[in-house]
Structure formats: C-alpha cells, structure tokens
There are 2 protein chains.
Amino acid sequence: MARDPAATRDRLVDAFAEIVVGSGARSATLEAVAAAAGVSKGGLLYHFGSKDALVDGLLERLRKLAAEDLEQMRTAPEGPAVYYVRTSATEGLQGDEVVDPLSRVIIATMRLAQEGDTRTVSAYAAINEAWRQLIEVQVGGDRVLARLVQCIGDGLWASSSMGIPTPDLDDVVARVQQLVESSRHGDGGA
Amino acid sequence: MARDPAATRDRLVDAFAEIVVGSGARSATLEAVAAAAGVSKGGLLYHFGSKDALVDGLLERLRKLAAEDLEQMRTAPEGPAVYYVRTSATEGLQGDEVVDPLSRVIIATMRLAQEGDTRTVSAYAAINEAWRQLIEVQVGGDRVLARLVQCIGDGLWASSSMGIPTPDLDDVVARVQQLVESSRHGDGGA
DNA sequence: GTCTATAGGGTGATAGAC
DNA sequence: GTCTATCACCCTATAGAC
C-alpha cells in the first residue's frame, strides 16, 4: 500500500503534526508517528534520517501551506485583517483533530518551538511577518494598527490553541472591521 | 544548607520553572531540577512525591503570584488595560532568564499546558478570566472591547514568550489607551 | 531530610534481512 | 523501500542507608 516515496513522506509529516497537536510533542515518538502513518519505525527513518529531519519536513510543509494561505488572505473579500482575525480562532482540538491543515501544522510548529527548537521559531517569525505586512497594506501603512490587529488575531489563536473558546468571536471580528475602516476614513492617531 | 522544608520546596519550584522556561519542558527532568535547587533527586522526591506533584506546586505558586498581580493591576495608575498590555510584553528568554517571577511561572505553566496537562490549562483559563473582568470594569462593561484589549496583550505575550521582540510596543500601548479612553468619552459601537 | 543505588519502562538511532 | 532486531541512553519512581 503505497510505494510512492513522496506520498509516504507526506503521510509521515501529516501523522507527525496530528500527534503533536492531539497529544503533545512528547507523545510524537518515532514509533507513534510511524504507526499512525502505517509504516514501521525503520520505514520512517528511511525517509527521515532523524527526528530533526522530520521536523524539517514539517517546516517545509508549513512554508508551503502558509504561502497558499497568504494568497487567500490577499484576495479575501472581507480584507486581510478580518480574514486574519477570523481564521485565527480555530476550534476543537486537544484530543480531537484540527480540521484545517494549516492550523494543524502551525499548532504543531509552535508546540515544537516551545521545546526550544530555534528553527521552528524563526520559521514562524518569518510567516508572521508576512501576514502583518499584508494587513499593513490594507490599513494604509499604519504600522501600529497593523500590529494591533495581528495581536488580536494572535491572542485569539493563543486561547483557541489551548482549547479555550471565544464566545463572542463575531463581535470581536466586527470591532476589528470597525477599526480598520476608521483608519481609511478618519485619521489614525499616530 | 537549608533544612527548612518550605524554603527547599520553594527553591525546587523556582528551579523547575526556570528550567522549563530556559530550556523547555523536556529538559526539566527531576534530576536537573534537583541539581539546580541544590538537592539530589531523592531529596526532591521527598518534598514532591512525583512529577505531577511538582506541577501542582508550580500551579500553587502561579495562583499566589497571579493574585498579587491582580491587585497591582487593579490599583495601577495607568489603569488595568494598559497595565495588562504593557506587562504582557516580557523580554529576554529562551536561554536567558526571565526576571519577572510571575512571567516566568506563567510561561512555564503554558509550556506544560501544551503537553496536554489539563490542570495547567484550567488554572491559566481561570486567571485569564479574572484579568479580563478587571479590564471589563475599566472600559465600562464593554465586553467586546475588554476581550479585544486582552487579545492584544495575549498576542504580544505570544510573541515575546517565543523570543520575538515587539519593536513598537510603546506605540501599541498608546493606541490601546486611546481605545480605552474613547470608550469612556464617545460611544463604543456595540 | 537527604542521600545512593537500582529497578523498570521508553526513546532515538543503527544494522542487516527481505 | 520497508521490515525486525537490537543498542545505548535517559527518565520516573522506589528502597533503604545515613
């Protein structure tokens, strides 16, 4: 069942991310990842020579998915800011599976980052920077407002990635939209 | 050197938090914690019968420090909202030491939470709730604005707890102050 | 209260068969 | 490409000396 190397590598990265998100980085052992992907530990280590290499595979996936998302964000009808804030509030994890592939990979990356892996931190930082720049364009170059909006998204993300829900998400999104629009019409303050 | 049980327990919890923050949860082994606190592994396990008990000790410390901080936040001259946002941006960790005791314990708790520990998540959620309620009081009961402000703080926190700096923190704080003040004078929107 | 020694289980990685 | 052994290491926790 599947001798295609690329497909097997993909399955392994998927399984890795899923386990890290669902059960924590500690549970994502080579054996558990391999089993979830339907191969043996030795099979995994043929494709990824070490656990570090597996992390690299995850980061590669992250960059690819993030690039796609950046395109969606750029062309989002509601605008980048609202898109960012709304998609920052994911749902149902910690045991359950996260449906959105990018969310899953980001959460996995951040969990790994908290273990002190510098590669994961800088990979995330780069993507975060790209997102903010896109928001900044929408708000007419208002650097501070852009950061404000991004922080709101990141704050929502922090809660939801721990399984803490945000009951009034729609209201928050509406308020962000207000902020962004007021930056176009009125002044800004800075 | 130190036969006072309470003092030794405190040193152990301190060392535990410090290692989790500085080197990741994985590095915080019983042996490493014991060594950092100047006792042996067996000595640690006399005071805390298991690693779970050590986590409980950390959570106890968290609640105590958080209660003190809540009092500072309530009486802060700049108001709870600005206090929250400003203190959310910590500096210099991941290898270095975090100077503020509460920040250190919170970061440690959140790292542990990401390993799937439900106790840590609910402990943090309770504290987070208390902070927001205090902000809500300041903004005259505007639930959504309170959440917005808190999200901004949490977003700053997320970055800084990964070692990513926020260059324009002062501007962000100023903008938050603006938002809070406008809720007093003008309307609010919702 | 604090120590050493050790049991018992799990983890990343290698070697070599198929 | 994928598997099964196997190694060396590290971790939590217990037992019992001091």
Side-chain angles (χ1 to χ4, degrees), chain A residues 1-59 108 111-120, chain B residues 1-59 108 111-120:
Chain A
M1 200 206 280
R3 281 184 206 144
D4 179 14
T8 304
R9 281 177 62 100
D10 280 354
R11 279 212 322 282
L12 284 165
V13 170
D14 282 341
F16 182 40
E18 211 159 298
I19 294 175
V20 170
V21 171
S23 318
R26 250 181 169 120
S27 305
T29 66
L30 295 184
E31 195 155 24
V33 172
V39 296
S40 72
K41 213 198 295 197
L44 188 166
L45 285 165
Y46 168 76
H47 293 285
F48 297 97
S50 69
K51 198 165 190 183
D52 267 12
L54 189 56
V55 173
D56 284 333
L58 182 74
L59 293 183
R111 297 242 164 116
L112 261 28
Q114 304 236 331
E115 285 298 325
D117 192 319
T118 53
R119 296 169 302 164
T120 56
Chain B
M1 200 207 278
R3 285 188 204 140
D4 180 12
T8 306
R9 281 178 62 100
D10 280 354
R11 278 211 323 281
L12 284 165
V13 170
D14 282 342
F16 181 40
E18 212 159 295
I19 294 175
V20 170
V21 171
S23 318
R26 244 176 175 125
S27 305
T29 66
L30 296 185
E31 193 156 24
V33 172
V39 296
S40 72
K41 215 197 295 196
L44 188 166
L45 285 165
Y46 167 76
H47 293 286
F48 297 97
S50 70
K51 198 165 191 183
D52 268 11
L54 189 56
V55 174
D56 283 334
L58 182 74
L59 293 184
R111 296 239 165 120
L112 261 28
Q114 304 237 331
E115 286 296 327
D117 192 318
T118 53
R119 295 170 299 165
T120 57

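In what follows, every heavy atom counts, from backbone to side chain, and hydrogens, waters and symmetry copies are set aside. The sequence lines fix the lettering, A, B, ..., with proteins before strands; numbering per chain opens at 1.
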>> Generate the contact string for nucleotides 3-18 of chain C. Rules: B means base contact, S means sugar-phosphate contact only, - means no protein heavy atom under 4.0 Å.
In response: BB------SBBB----
>> In whole Å, I'd like the distance from the CD atom of Glu115(B) to the P atom of dT12(D).
In response: 12 Å
> Quick one: are Glu115(B) and Glu115(A) in side-chain contact, heavy atoms under 4.5 Å?
Replying inline: yes
> How long is the span from the CD atom in Glu31(B) to the OG1 atom in Thr29(B), to the nearest 0.5 Å?
Replying inline: 6.0 Å
>> Rounded to the nearest 0.5 Å, what separates atom CZ in Phe16(B) from atom CG in Leu54(B)?
In response: 4.5 Å
> Looking at OG1 of Thr120(A) and CD of Gln114(A), how far apart are the two atoms once the value is rounded to the nearest 0.5 Å?
Replying inline: 9.0 Å
Could you list the donor-acceptor pairs under 3.5 angstrom formed between side-chain atoms of residues 39-50 of chain A and any protein atom two or more places apart in sequence or on another chain?
from     : atom 1 : to       : atom 2 : distance (Å)
Ser40(A) : OG     : Gly42(A) : N      : 3.4
Ser40(A) : OG     : Gly43(A) : N      : 3.1
Ser50(A) : OG     : Asp52(A) : N      : 3.4
Ser50(A) : OG     : Ala53(A) : N      : 3.2

>> With a cut-off of less than 4.0 Å, is there a side-chain N or O of Thr8(A) near OP1 or OP2 of dG1(D)?
In response: no
